[in-house]
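Below is one structure, written out as structure tokens, with a few remarks after it.
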Amino acid sequence: PKYYCLSMFPYPSGKLHMGHVRNYTIGDVLARYHRMKGYNVMQPMGWDAFGLPAENAALANNVPPAAWTYSNIDAMRKQLQSLGLGIDWAREVTTCKPDYYRWEQWLFTRLFKKGVIYKKTASVNWDPVDQTVLANEQVIDGRGWRSGALVEKRDIPMYFFRITQYAEELLAGLDTLDGWPEQVKTMQRNWIGKSFGVRFAFPYTLDGKNEKLWVYTTRADTIMGVTFVAVAAEHPLATLAAKNNSELAAFIEECKRGGVAEADIATMEKKGMPTGINVIHPLTGEQVPVWVGNYVLMGYGEGAVMAVPAHDERDFGFAKKYTLPIKQAISPRPQAGEGQGGGFTTDQWQDWYANKEYGVCVNSGKYDGLNYDQAVDAIAADLQAKGLGDKKVQFRLRDWGISRQRYWGCPIPIIHCAKCGDVPVPDDQLPVVLPENLVPDGAGSPLAKMPEFYQATCPQCSGAARRETDTMDTFVESSWYYARYASPDYSTGMVDKARAKNWLPVDQYIGGIEHAILHLLYARFFHKLMRDEGLVPGDEPFKNLLTQGMVIAPTFYREQSNGKKLWINPADVDVKTDERGRPVGATLRADGQPVIIGGTEKMSKSKSNGVDPQAIIDQYGADTARLFTMFAAPPDQQLEWNDAGVEGAARFLRRLWSFGVKVGNGGGTAIEAGARQAVRFEIHSVLKQASYDMAKHQFNTVASAAMKMLNAMERLDSVHDEVVKEGLSILLRLLAPITPHISHQMWRDLGYGDSILAAPWPQVDEAALVQDEIELVIQVNGKLRGNLRVAKDADQALLEQLALSHDAVQKLLAGGTAKKIIVVPGRLINVVI
RNA sequence: GCCGGGAUGGCGGAAUUGGUAGACGCGCUGGACUCAAAAUCCAGUGUCUGUAAGGAUGUGAGGGUUCGAGUCCCUCUCCCGGCACCA
């Protein structure tokens with residue numbers, strides 16, 4: 001059987017960091033383990049080579065992003081090799097090379113023709129001083145990172161993937177992914193955000209024309225509580241109203257200030273202003289005022305929302321702030337309202353106001369007394385009868401905008417012709433090659449200033465035309481590299497279908513939890529796009545997913561005279577402890593003066609708490625680095641870096657080595673049968689647990705099992721016995737995936753075979769686990785009171801009798817009788833008194 | 001703000017998924033070896049109390065279910081990840 005083991009490929013930043021070491025060690029452990037289990041393993045590696053950091057480096061050092069990227073790749077490849085990873089380098093993929101991205105361009109043109117890709121305008125962060133588009137990351141406290149200018153929103157045309165067309169399938173597909181962590185699936189479900197609601201219109205008349213203002217709501221049952229409608233600043237109605245209202249125009253301008261990041265918008269103070277326009281409530285016929293609200297997003301739904309202050313917390317706050325009416329439309333049902341503060345008051349928001357399970361309509365005319373489902377049905381039916389709305393399924397997921405006004409990315413293969421419009425570049429003109437010798441200057445893409453690049457001929461009419469100078473979001477490259485690995489050399493198509501069919505899907509995907517939504521959702525989407533092109537088999541790309549935690553380390557700093565903190569690397573600090581080992585202070589080794597102990601945080605340059613993996617590998621070797629990384633925490637949790645812990649891992653490997661030398665020396669006497677049986681029991685019961693842990697990817701306890709085995713064998717009087725030969729053979733194979741170098745060498749030196757890679761995963765001998773006597777725990781009222789050694793097949797009556805006659809139980813019974821005795825076979829006896 | 005996750009000795013973590021809390025490792029304390037130190041080896045190490053045997057207490061806080069709760073339920077606090085242009 002095949003086993004495709006894939007770790008997320010790195011961005012070539014220049015240096016391996018601990019997160020990489022962790023990611024690739026986990027992948028390598030799984031790959032080696034599966035080789036021992038008899039699988040045909042593929043473990044490839046590549047480079048996510050386009051991206052912003054290369055442009056930043058270019059700005060800082062005046063080097064072309066290409067040169068910087070390629071030299072980083074060479075450096076990091078060497079580092080990965082020093083970790084001893086069993087990678088098939090013949091499959092190496094580099095996304096910034098034309099032989100890779102030409103197929104991305106090819107697929108783009110196919111999808112463009114199919115209508116899966118389309119163009120529309122969207123908002124971006126605009127730096128008015130540098131005259132450039134900024135990534136969210138480059139906006140700091142609302143200002144451009146280099147210019148310091150206040151960032152504005154600007155609408156520009158962009159290409160979009162119609163991912164919403166696949167929303168239903170992306171959602172349903174999650175149910176088939178049994179090998180994915182539940183939390184990741186939950187996050188994706190919530191991100192896709194399928195909701196059942198009602199889309200309806202508020203009619204109004206403007207300049208003698210009948211118009212409709214559309215909104216979407218999941219709470220149609222509260223429609224009789226609507227007291228205003230809020231529209232986004234970019235909404236056409238807002239623009240219209242601002243024409244002869246300078247105050248409103250100024251407010252809309254204010255709303256356009258600031259970036260486009262949702263976290264900022266959602267935490268911003270909620271502000272609004274009336275437009276002076278009224279619309280008609282579709283059911284009551286009442287006039288409803290329209291407001292502009294800075295919290296309404298044009299990109300969501302209709303860019304307008306009905307506001308029901310009585311039953312939506314955000315609307316409530318807004319209404320209180322601007323003293324808008326609050327009209328109750330839901331009341332607790334008598335049975336539900338009891339004890340939950342049924343009284344409605346406009347003074348104070350209460351959580352039940354928004355609880356749809358729990359109320360019935362009031363002040364709602366003919367809908368009074370209906371519960372949520374009944375009310376939504378009745379209201380949707382009435383709206384439909386008036387031609388003003390209907391039930392609608394809506395997704396939170398938005399289409400994926402992929403245009404980037406940046407240089408170091410895959411060129412979008414479109415030619416703009418005045419006559420023919422947007423024309424995709426024909427296959428025989430692909431790839432559109434990105435020139436690699438440019439240096440960006442921080443003011444827009446250099447491609448847009450390069451006539452040799454953008455001057456083109458229209459493929460349809462042969463007239464003069466302009467080539468698109470935007471590049472694609474780098475998430476596009478990382479959405480299909482897993483498929484390219486199956487046939488990285490294939491020059492006549494995106495993937496070789498036969499080889500893709502052989503290797504896909506990825507059996508195990510490993511990467512950081514921070515990719516839980518975007519990357520993993522885009523890759524799933526891309527797989528379906530490629531499937532629909534007949535390129536790849538199956539509906540999902542990744543069968544099993546392991547999301548690893550971050551690598552964190554302690555921080556140390558000194559307060560400087562200017563009040564700023566000077567961060568000091570942990571490697572330069574000595575920590576002092578009291579007689580119990582509690583830290584009491586730290587000093588800088590260089591000057592012996594104290595430093596302040598900060599928190600334990602994600603390794604980063606800014607906190608100077610990074611540990612260079614290369615230094616660890618050079619000092620202790622790859623096996624120690626790998627063992628510590630696997631032992632210190634389970635893979636999906638945070639891993640705290642600890643130099644003493646690394647020392648401990650090295651100590652264990654040295655002990656293992658000396659033990660091997662001792663065994664190799666031969667001679668001596670065999671041990672006594674009872675001791676032999678006890679060690680075999682220990683080794684095989686530990687192995688049983690370790691095999692179970694390995695299968696569930698809990699590598700830290702597998703490493704601890706190896707330590708237990710060595711401890712057990714070291715306690716023996718003599719190492720010259722068959723049980724040691726067997727035990728060491730098991731121990732070395734248990735460790736082989738984690739510490740391949742030492743395991744391989746000892747395996748050979750001790751004469752077990754040529755290569756431990758060819759050895760099978762060790763088997764538990766159940767016969768070694770059989771015991772005649774077992775130890776049971778005696779509890780009284782659930783509290784531990786003693787132990788009992790009994791024959792393993794002792795019956796219930798005997799156990800109860802033994803427990804009752806136990807000294808500790810007798811003492812507590814004090815002559816009384818037990819109420820109840822609970823016997824858990826093989827574990828404990830609990831006497832209830 | 002919204003979505004997801006986490007919290008167990010001085011530290012990293014373990015606990016067969018409701019059944020002996022603290023495996024394994026680090027650190028610390030004492031001892032052996034050494035002129036001495038390092039390395040190595042041996043013993044101890046949750047907290048309080050007690051000479052000891054023992055007793056009490058203990059898994060972020062507060063409540064609940066159960067013979068029995070780190071594990072299940074409710075309320076809360078703090079920390080971390082993501083939020084669509086960082087990758």
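Proteins get letters first, then strands, A, B, ... in listed order; numbering begins at 1 in each. Quick caveat: nothing in here was measured; it's all calculated off a predicted structure.
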**Message:** Tell me whether the rings of His515(A) and His519(A) are parallel (<30°), tilted (30 to 60°) or perpendicular (>60°).
**Reply:**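 Taking His519(A) first and then His515(A), their aromatic rings stand perpendicular (interplane angle over 60°).
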
Whole-Å distance between [N] [atom2] and [X] [atom1]?
X: Met707(A); N: C24(B); atom1: CE; atom2: P; value: 11 Å
X: Tyr481(A); N: A87(B); atom1: OH; atom2: C1'; value: 11 Å
X: Asn190(A); N: C3(B); atom1: CG; atom2: P; value: 8 Å
X: Asn700(A); N: A14(B); atom1: CG; atom2: P; value: 5 Å
X: Arg715(A); N: C24(B); atom1: CZ; atom2: C1'; value: 12 Å
X: Glu640(A); N: C26(B); atom1: CD; atom2: P; value: 16 Å
X: Tyr522(A); N: G82(B); atom1: OH; atom2: P; value: 15 Å
X: Leu656(A); N: G25(B); atom1: CG; atom2: P; value: 13 Å

**Item:** Residues, nucleotides or ligands: over 12 heavy atoms within 6.0 Å of Lys688(A) NZ
**Value:**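 Open.
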
**Prompt:** Is the count of non-hydrogen atoms from other residues, nucleotides or ligands lying under 6.0 Å from Lys15(A) atom NZ greater than 12?
**Reply:**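 Open.
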
Report yes if a side-chain nitrogen or oxygen of [X] is closer than 4.0 Å to either non-bridging phosphate oxygen (OP1 or OP2) of [N]; otherwise report no.
X: Asn136(A); N: A84(B); result: yes
X: Gln698(A); N: A15(B); result: yes
X: Arg314(A); N: G1(B); result: no
X: Lys783(A); N: U57(B); result: yes
X: Arg785(A); N: G55(B); result: yes

Distance-only side-chain donor-acceptor flag, [X] / [Y], under 3.5 Å:
X: Asp636(A); Y: Thr547(A); result: no
X: Asn56(A); Y: Arg146(A); result: no
X: Gln131(A); Y: Asp127(A); result: no
X: Thr186(A); Y: Gln183(A); result: no

**Item:** G46(B), syn or anti by chi within 90 degrees of zero
**Value:**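 Anti for G46(B); the angle lies over 90° from 0.
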
**Message:** Is U17(B) syn or anti, taking syn as a glycosidic angle within 90° of 0?
**Reply:**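 Syn, which is what one calls it when the glycosidic angle falls within 90° of 0.
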
**Request:** Can you see which heavy atom on Ala703(A) is nearest to which on Phe631(A), and at what distance?
**Result:**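 Heavy-atom minimum between the residues: CB-CD1, 3.7 Å.
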
Compile the donor-acceptor pairs under 3.5 Å between side chains in residues 818-830 of chain A and protein atoms, sequence neighbours left out, one pair per line.
from, atom 1, to, atom 2, distance (Å)
Asn830(A), OD1, Asn781(A), N, 3.3
Asn830(A), OD1, Gly782(A), N, 2.9

**Request:** Could you list by number each residue of residues 12-22 of chain A showing a heavy-atom separation from RNA chain B of less than 4.0 Å, or answer none if no residue does?
**Result:**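 Going residue by residue through residues 12-22 of chain A, none turns out to have a heavy atom under 4.0 Å of RNA chain B.
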
Considering only [options], which nucleotide approaches the side chain of [X] most closely?
X: Arg827(A); options: A87(B), G19(B), A84(B); result: G19(B)
X: Ser704(A); options: C85(B), C24(B), G1(B); result: C24(B)
X: Arg404(A); options: C85(B), G25(B), G82(B); result: C85(B)

**Message:** Need to verify one output field. Residue with the more 5' nearest nucleotide on RNA chain B, Ala703(A) or Ala632(A)?
**Reply:**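 Looking at RNA chain B, the more 5' nearest nucleotide goes with Ala632(A).
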
**Request:** Do nucleotides 58-77 of chain B as a string where each nucleotide becomes B, S or -: B if the base has a protein heavy atom under 4.0 Å, S if just the sugar-phosphate does, - if no protein is that close.
**Result:** ---------BS---------

